[in-house]
Engineer: 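Got a structure for you, questions after.
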Number of protein chains: 2
Amino acid sequence: MKRPTIHDVAAAAGVSRGTVSRLLNGDKYVSPAARVAIERAISETGYVVNRAARSLVTQRTGSIVMVLSEPHEKLFEDPNYSTTIRVAIRMLAERDLSLVMMLAGDEGDRERVVRYVRGGHADGVLLLSTHAGDPFIDALRSGPPAVSCGAVIGSEGVIPYAAANERLGGRQMTEYFVNQGRRRIAMITGPMDTPGGIQRLEGFADVLGRKATKKLIAHGDWTQASGERAMTELLARTPDIDAVFVASDLMAAGALAALRAAGRRVPDDVAVGGFDDSSVALSTHPPLTTIRQPLAEVAQETVRLLLALIDGAEHVDPVILPTELVIRESA
Amino acid sequence: MKRPTIHDVAAAAGVSRGTVSRLLNGDKYVSPAARVAIERAISETGYVVNRAARSLVTQRTGSIVMVLSEPHEKLFEDPNYSTTIRVAIRMLAERDLSLVMMLAGDEGDRERVVRYVRGGHADGVLLLSTHAGDPFIDALRSGPPAVSCGAVIGSEGVIPYAAANERLGGRQMTEYFVNQGRRRIAMITGPMDTPGGIQRLEGFADVLGRKATKKLIAHGDWTQASGERAMTELLARTPDIDAVFVASDLMAAGALAALRAAGRRVPDDVAVGGFDDSSVALSTHPPLTTIRQPLAEVAQETVRLLLALIDGAEHVDPVILPTELVIRESA
DNA sequence: CTGAAAGCGCTAACAT
DNA sequence: ATGTTAGCGCTTTCAG
């Protein structure tokens, strides 16, 4: 049989469609009697609201789009997405909002996202790992509320966000090395158009000051291979380093391999610090001393900001959460 | 200004709404002249179709729901999801279908999914890592087409699927050990209500026959910690093992830690084989010899099956893709 | 507190 | 090949 409509429910309950609709939408003006009759009718008929019809009249869609800006191949390497996705789905489900996922890895993708959002197909936008100067930030300004999980470099004032205090994390690791008595501390950063790339380095520089010279800094792109490459480069350039702060656990795993190949013992000869406290941090040998980011909380706050905006807040402030040093065996 | 409707486009192009609609829906009966005028009008007005309105009349929603059945905490540990998600988003986007994500980790979640699907909010269902006897398999039978990425144990005839040939993978690794001259080969399996848990063990048993005794088999739950635990147990139970096939790379990382703690050298004393060829396989020491699953192809085939069903296919056959042995240093 | 009625924007069947 | 029109199922005034 066809799916029941609000009309069927109204008929079964002996009221008008309007009354059923009012109940469904939490309007207070429904008599107890009507309420009971309608609720019974709903469960008897197995009625489920037709979102398309509702959407057509309310002009809201009941869905939020999550935009993954990472180039496709790398999506695979990042251990952080699943937490964010999981938290977002949960929180949105509570509000009866569904989460639709889109990719924004190349120009075609991005255009699709813009069309989708401007076409009014989503009530809000959740940005993930958006890079500096991403052209479509502007395109989103005229649409529904957008927030980012992690700062959008260069658009911090435009797109509200929640993020871990990455700079603090950088400081925590670097201070730990200093307190351990390490003298030549190097760093392998992430891409310099991402907050994690920039701010972890800032924290490093905060502590080391002028000792943080160019020679001690190499850049990676978050992949393990890039960490290995950067470490090799660092070793060639400055053989006497006794500690290295790597901006992600995955890259740190690569650095570990390079150190092993070079015959350096970890942590005896060189201390290695990672970032993320992801699952790789435990599978390396030795297990990584790293910085834990409150990922779940960051995701939670991001969604909270978005919901506040959807509920009509004019303005929300960024939320920045502290990181934490996790000591294991690599440093 | 308000978003333009099909009416505005029709007016701007000097044709009727029906003609615009026909063009939009690929109907062949549109004159070249009208076509040009309409296309110009569309780009001038910035028109984007209102999916809700379309959905209301076509009874299709333009979205596919992906259901993640893994209990929440574990979602985090599995390195395979992102590939599947990425491939699915891509392929669906080409058909202008959007991907909505739902969790089915607990009873409440599952009920939500069933309501959603039966409420007609999706044109198709994509199941991920559904466990044996998952109660809501039945609930899905009356709704839109559903397919699974990976077999659904116990419902292989009910839910079409694409999957890697996990049993073959189990055979490949075990044969490799045998050919290497290993004599006491143990196995750490995944959960026995998942295809990966069952079939990788079947492959192991295919090769070893009656030599695959209970004493040589321990069970894990895909987590690294469980791999470590199972390895310790195996070592206590059968100290003379010289090879172990671990059903996932992550668990293998745990096994490696247990072997190191027990003072066994890998691969000299004990060969270790993983499964998945995930990123951890490269970050362990030594890097893991493992089985590669054609994840992207599996995801692709899964989506293809779903699309075929949506397009009206009465029946589709399961697709099973071969795995491949990847030799590194752990065996 | 409730019923009636007017659309929301679109597709598809029917005319022409 | 194209215009006209009848809804799709719902929310939301507006009366009462």
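Below, chains carry the letters A, B, ... as their sequence lines are ordered, and counting in each starts from 1.
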Engineer: Looking only at the side chain of B:Arg54 (C-beta and beyond, no hydrogens), which of the listed nucleotides D:dC10, D:dA1, C:dT11 gets closest?
Structural biologist: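 Looking only at side-chain atoms, B:Arg54 lies closest to C:dT11.
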
Engineer: side-chain contact (heavy atoms from CB on, under 4.5 Å) for B:Ile64 and B:Val125? Distances and angles first, verdict last.
Structural biologist: CA-CA 6 Å; B:Ile64 299 295; B:Val125 182; over 6 Å; no

Engineer: Which residue lies toward the 5' end of DNA chain D, B:Thr19 or B:Leu56, if each is placed at its nearest nucleotide?
Structural biologist: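 So the residue in question is B:Thr19.
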
Engineer: Would you mind reading off the distance between A:His7 atom NE2 and D:dG7 atom C1', rounded to a whole angstrom?
Structural biologist: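 About 14 Å, once rounded to whole Å.
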
Engineer: Of the options D:dT11, D:dT2, C:dC8, whose atoms approach the side-chain atoms of B:Arg22 most closely?
Structural biologist: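 In terms of side-chain proximity for B:Arg22, the closest of D:dT11, D:dT2, C:dC8 is D:dT2.
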
Engineer: Reckon A:Ala52 touches a base, only the sugar-phosphate, or nothing at all at heavy-atom distances under 4.0 Å?
Structural biologist: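 Counting heavy atoms under 4.0 Å across all strands, no contact is made by A:Ala52.
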
Engineer: Quick one: on DNA chain D, does B:Ala53 or B:Val30 contact a more 5' nucleotide (nearest heavy atom)?
Structural biologist: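 By nearest-heavy-atom nucleotide position, the 5'-most residue is B:Val30.
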
Engineer: Rounding to a whole Å, what distance do you find between A:Arg17:CZ and C:dA4:P?
Structural biologist: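 That distance rounds to 9 Å.
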
Engineer: For B:Arg60, does the CZ atom sit with more than 12 other heavy atoms under 6.0 Å from it, leaving out its own atoms?
Structural biologist: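 No, CZ of B:Arg60 has 12 or fewer neighbouring heavy atoms, counting only those of other groups under 6.0 Å.
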
Engineer: Counting side-chain heavy atoms from CB outward, which of C:dT2, C:dT11, D:dG3 is closest to A:Ala34?
Structural biologist: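 Within the option list, the nearest is C:dT2.
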
Engineer: A:Asp8 CG to D:dC8 C1': how many Å, rounded?
Structural biologist: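 Checked: the CG to C1' distance equals 14 Å.
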
Engineer: Expressed in angstrom and rounded to an integer, what is the separation of A:Gln59 atom CD from D:dT13 atom P?
Structural biologist: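 Result: 13 Å.
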
Engineer: Under 4.0 Å between a side-chain nitrogen and a carboxylate oxygen: does that hold for A:Arg95 and A:Asp311?
Structural biologist: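 A salt bridge links A:Arg95 with A:Asp311.
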
Engineer: Measure across B:Arg51 and B:Asp96 and return the closest heavy-atom pair with its distance rounded to 0.1 Å.
Structural biologist: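 Heavy-atom minimum between the residues: NH2-O, 2.9 Å.
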
Engineer: Taking everything shown except A:Glu39 itself, do over 12 heavy atoms lie less than 6.0 Å from its CD?
Structural biologist: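 Atom CD in A:Glu39 is crowded, with more than 12 foreign heavy atoms closer than 6.0 Å.
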
Engineer: Just to be sure I understand the rule, does A:Ser21 reach a base, reach only the sugar-phosphate, or reach nothing, if contact means heavy atoms closer than 4.0 Å?
Structural biologist: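 Base: the residue A:Ser21, judged by heavy atoms under 4.0 Å, touches a nucleobase.
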
Engineer: Is any side-chain N of the basic residue among A:Arg90 and B:Asp106 closer than 4.0 Å to the acidic one's carboxylate O?
Structural biologist: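 A salt bridge links A:Arg90 with B:Asp106.
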
Engineer: Quick check for you: among C:dG9, C:dG3, D:dT11, whose closest atom lies nearest to any side-chain atom of B:Thr5?
Structural biologist: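 Minimum distance to the B:Thr5 side chain belongs to C:dG9.
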
Engineer: When you check the phosphate oxygens OP1 and OP2 of D:dT2, does a side-chain N or O of B:Ser31 lie under 4.0 Å from one of them?
Structural biologist: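 For B:Ser31, the contact criterion (side-chain N or O under 4.0 Å from OP1 or OP2 of D:dT2) is met.
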
Engineer: Without decimals, in angstroms, what is the distance between B:Asn25 CG and C:dA13 P?
Structural biologist: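 From B:Asn25 CG to C:dA13 P: 12 Å.
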
Engineer: Is it the case that over 12 heavy atoms from other parts of the model lie below 6.0 angstrom from the CD atom of B:Glu111?
Structural biologist: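 12 or below, so no.
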
Engineer: When the distance from OH of B:Tyr29 to P of C:dT11 is rounded to whole Å, what number comes out?
Structural biologist: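 It works out to 19 Å between those atoms.
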
Engineer: What is the separation between atom NE2 on B:His121 and atom C1' on D:dC8, rounded to the nearest whole Å?
Structural biologist: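 In whole Å, D:dC8 C1' lies 15 Å from B:His121 NE2.
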
Engineer: Taking DNA chain C as the partner, which of residues 38-51 of chain B come within under 4.0 angstrom of it by heavy atom?
Structural biologist: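 Under 4.0 Å from DNA chain C: B:Tyr47, B:Val49, B:Asn50.
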
Engineer: Round to a whole Å and report the spacing from CD1 of A:Ile6 to P of D:dC8.
Structural biologist: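 Taking atom P of D:dC8 as the reference, CD1 of A:Ile6 is at 14 Å.
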
